[in-house]
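Okay, structure first, notes after.
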Amino acid sequence: MVLPRCYLNPMKNRRIKIRDILKSTKPGTTVKAKGWVRTKRGNKNLNFIALNDGSTIHSIQIVVDVPEFEDNILQQITTGACISVNGTLVESMGKGQTVEIQAKEIKVYGTADPETYPLQKKGHSLEFLREIAHLRPRTNTFGAVLRVRHAMAFAIHKYFNDRGFCCLHTPIITGSDAEGAGNMFRVSTLDPECLPRTENGAVDYSRDFFGRETKLTVSGQLEGELAALALSEIYTFGPTFRAENSNTARHLAEFWMVEPEMAFYDLTDNMDLAEDFIKHLINHALTNCMDDLEFLNKMYDRDLVARMNSIVDNNFARLTYTEAVEILKKSGKDFEFPVNWGCDLQSEHETFLVETHFKKPVILTDYPRDIKAFYMKQNEGSKTVRAMDVLFPRIGEIIGGSQREENHEKLSARARELKIPEKDIWWYLETRKFGTAPHSGFGLGFERLILFVTGMSNIRDVIPFPRTPKNAEF
RNA sequence: UCCCCAGUAGCUCAGUCGGUAGAGCAGGUGGCUGUUAACCACCUUGUCCGUGGUUCGAGUCCGCGCUGGGGAGCCA
């Protein structure tokens, strides 16, 4: 294996990450570890410090011979303090760990007054931790969640890169509301106390920063399609904003979405990619994040790893919306909302299909045209469109996508029917006028994926700083 | 936005029939020569979410508001 060239000075006495100390450092070696104190315990001769630097769920035990250190140094070492430790890695005399650091030198970078530091050795509720989001990355739970989140972000880029997809940065600020995926946040530099008006009294957006009304994006899809019809296969991975007053464990006002868009893919190709993609990501977590998954499995979700394995090992069920409606009607189950062809499926219906009927992920296709977006490819007869939703246990819809309407006539007719002004999407329509191609794509809710691979149950606990109605602290 | 539930010590929670509040943990002090959410002893800590009402008396009952949670809708 050719190691990448390293421009750092290897001779410098640099700290070693705790993950690397635990994984590969030999006992007898002098090491320097730096991190935050989880607990300190012991007696007047001997102290044990559990030190964690976030490189792994595991802490390393620091053994301190009390008489060799000044009292005021040891007094400063309390839960939450940040320290640097020089010492010898030794095999542990106690149970519970194989190696530990016998401290020779300790430097305190930052104390944490135990009277006021909010994190204790004992467990806290997730609700409480949300109120101290600036400190919660220091807990085992959020360390694990954030490492898994990183691993998934990395795996997404790698998956697409390995398959020749181009990462496309679509705009955050947009002038169009074309996707209709929800209410949008306004972007403006106008003074709300003193808005410029036109002659008829409307707000004069021509005086605004962009010379027109602008919002935060609800999806990068439309721009993604433009690039797919040039580069063949692209994906976006960026923040998305929905100003819905949703108050659930599955919605955020600011979330991250992955949106691949592929020329020459029909709906089946689209489904094949979605299924392979999501299985690949779950498998990546299973093979790279097992320490963290074991912790989460133990503390939050006893079925987590088993459920992840079952997703990877089984094919997703694939059926049409119409077939799903039949199954629901024949189920004999007394749903709160009755099932009728043409209505959108309710949560209880999706849950029944995934968790009771099929007992595995389900891909539903060919939804009624009237409950789906204008850009989806119309089937023969026009009653349904080539849409697909991937439904997962516990979290419901994790992916929504479709084959796109590539026919210029049909697409503009549908836009007109839904009263979408052509002036807002003329550029989108032009791709169907010049060198159009069959193409497909989907959107994966990144936080919903993280919910699934961490076993967390609230989406506010899988993003570092959640944005929800009435909450934009931190 | 709608329905349901909750808000009591720094944290997690108990508080019976309406009679002015308690436990565990955390924190402090002392003890302990290998601890593992260390242990043992002692000690400290309250705007009972806010507001208005009922009552001789409200943590407890009622109205309104705020915040949080669960479910629904919107969706990823």
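The sequence lines fix the lettering, A, B, ..., with proteins before strands; numbering per chain opens at 1.
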Glu473(A): what forms a side-chain hydrogen bond (donor to acceptor under 3.5 Å, both in side chains) with it, not counting sequence neighbours?
none
Categorize Arg38(A) for me: base, sugar-phosphate, or nothing, with a 4.0 angstrom heavy-atom threshold over every strand shown.
nothing
Confirm from the modelled atom types if Arg250(A) and rC74(B) form a donor-acceptor pair under 3.5 Å, side chain to base only.
no
Residue met sooner reading RNA chain B from 5', once Lys372(A) and Asn458(A) are mapped to nucleotides
Asn458(A)
Sequence neighbours left out, what passes salt bridge (charged side-chain N to carboxylate O under 4.0 Å, His left out) with Glu405(A)? Give chain and number order.
none
Nucleotide nearest Ala249(A) when distance is taken to its side chain, options rU35(B), rG70(B), rG27(B)
rG70(B)
Base, sugar-phosphate, or nothing for Ile399(A), non-hydrogen atoms under 4.0 angstrom?
sugar-phosphate
Is there side-chain contact between Phe392(A) and Ile311(A), with at least one heavy-atom pair below 4.5 Å?
yes
Listed nucleotide nearest any side-chain atom of Gln61(A), set rG69(B), rU35(B), rG28(B)
rU35(B)
Lys377(A): partners by side-chain hydrogen bond (donor to acceptor under 3.5 Å, both in side chains), with sequence neighbours left out:
Glu406(A)
Can you sort out which residues in residues 341-355 of chain A have a heavy atom within less than 4.0 Å of RNA chain B? Ascending by number, please.
Gln346(A), Ser347(A)
For Tyr235(A), which of Glu259(A), Glu261(A), His157(A) qualifies under side chain to side chain donor-acceptor pair (under 3.5 Å)?
His157(A)
Ranking rG34(B), rU33(B), rG68(B) by distance to the side chain of Asn45(A), first place goes to rU33(B)
Would you mind building the protein contact string for nucleotides 39-44 of chain B? One character per nucleotide, 5' to 3', B for base within reach (heavy atoms under 4.0 Å), S for sugar-phosphate only, - for untouched.
------
Can you list everything that forms a ring-ring contact (aromatic ring centres under 6.0 Å, His included) with Phe277(A)? Sequence neighbours excluded, please.
Tyr159(A), Phe160(A)
Which residues pass the salt bridge (charged side-chain N to carboxylate O under 4.0 Å, His left out) test with Arg136(A), sequence neighbours left out?
Asp461(A)
Would you mind telling me which of rU35(B), rG27(B), rU33(B) lies closest to the side-chain atoms of Gln97(A)?
rU35(B)
Applying a 4.0 Å non-hydrogen cut-off, can you work out what Ser92(A) is touching in the nucleic acid: base, sugar-phosphate, or nothing?
base
Taking side-chain contact (heavy atoms from CB on, under 4.5 Å) as the test, write out the residues that go with Cys343(A), two or more places apart.
Asn340(A)
Expected string for nucleotides 1-11 of chain B under the B/S/- scheme (protein heavy atoms, under 4.0 Å, primed atoms plus P, OP1, OP2 as sugar-phosphate) is B--------BS
Would you mind classifying the nucleic acid contact of Ile398(A) as base, sugar-phosphate or nothing, using non-hydrogen atoms under 4.0 angstrom?
sugar-phosphate
Residues two or more places apart in sequence or in another chain: which of them pass salt bridge (charged side-chain N to carboxylate O under 4.0 Å, His left out) with Glu417(A)?
Arg369(A), Arg414(A)
So, do Phe446(A) and rA76(B) meet the stacking rule of ring centres under 5.5 Å and planes under 30°?
no
Could you please name the option among rU33(B), rU35(B), rA76(B) that lies closest to any side-chain atom of Glu397(A)?
rA76(B)
C1' gap between rA72(B) and rU12(B), integer Å:
30 Å
Tell me the interatomic distance from Met388(A), atom CE, to rA76(B), atom C1', rounded to whole angstroms.
12 Å
Is the shortest side-chain N to carboxylate O distance from Glu447(A) to Arg149(A) below 4.0 Å?
yes
Sorted by chain and number, sequence neighbours left out, side-chain hydrogen bond (donor to acceptor under 3.5 Å, both in side chains) with Thr365(A) holds for none
Distance in angstrom units between Lys44(A) NZ and rC32(B) P, rounded:
4 Å
How would you label the contact of Glu447(A) with the nucleic acid (heavy atoms, under 4.0 Å): base, sugar-phosphate, or nothing?
nothing
Got a sec, which residues hit side-chain hydrogen bond (donor to acceptor under 3.5 Å, both in side chains) with Glu100(A), two or more places apart in sequence or on another chain?
Gln61(A), Ser92(A)
When we call it a touch if two heavy atoms are under 4.0 Å apart, what does Glu254(A) touch: a base, just sugar-phosphate, or nothing?
nothing
Fit a plane to each ring of Phe352(A) and His357(A), take the angle between them on a 0 to 90° scale, and name the class: parallel (under 30°), tilted (30 to 60°) or perpendicular (over 60°).
tilted
Which base, if any, makes a Watson-Crick or G-U wobble pair with rU16(B), both distances under 3.5 Å?
none
Please report the distance separating the C1' of rG59(B) from the corresponding atom of rC48(B), rounded so that it comes out in whole Å.
5 Å
Tell me: CD of Gln221(A) to C1' of rC75(B), nearest whole Å?
14 Å
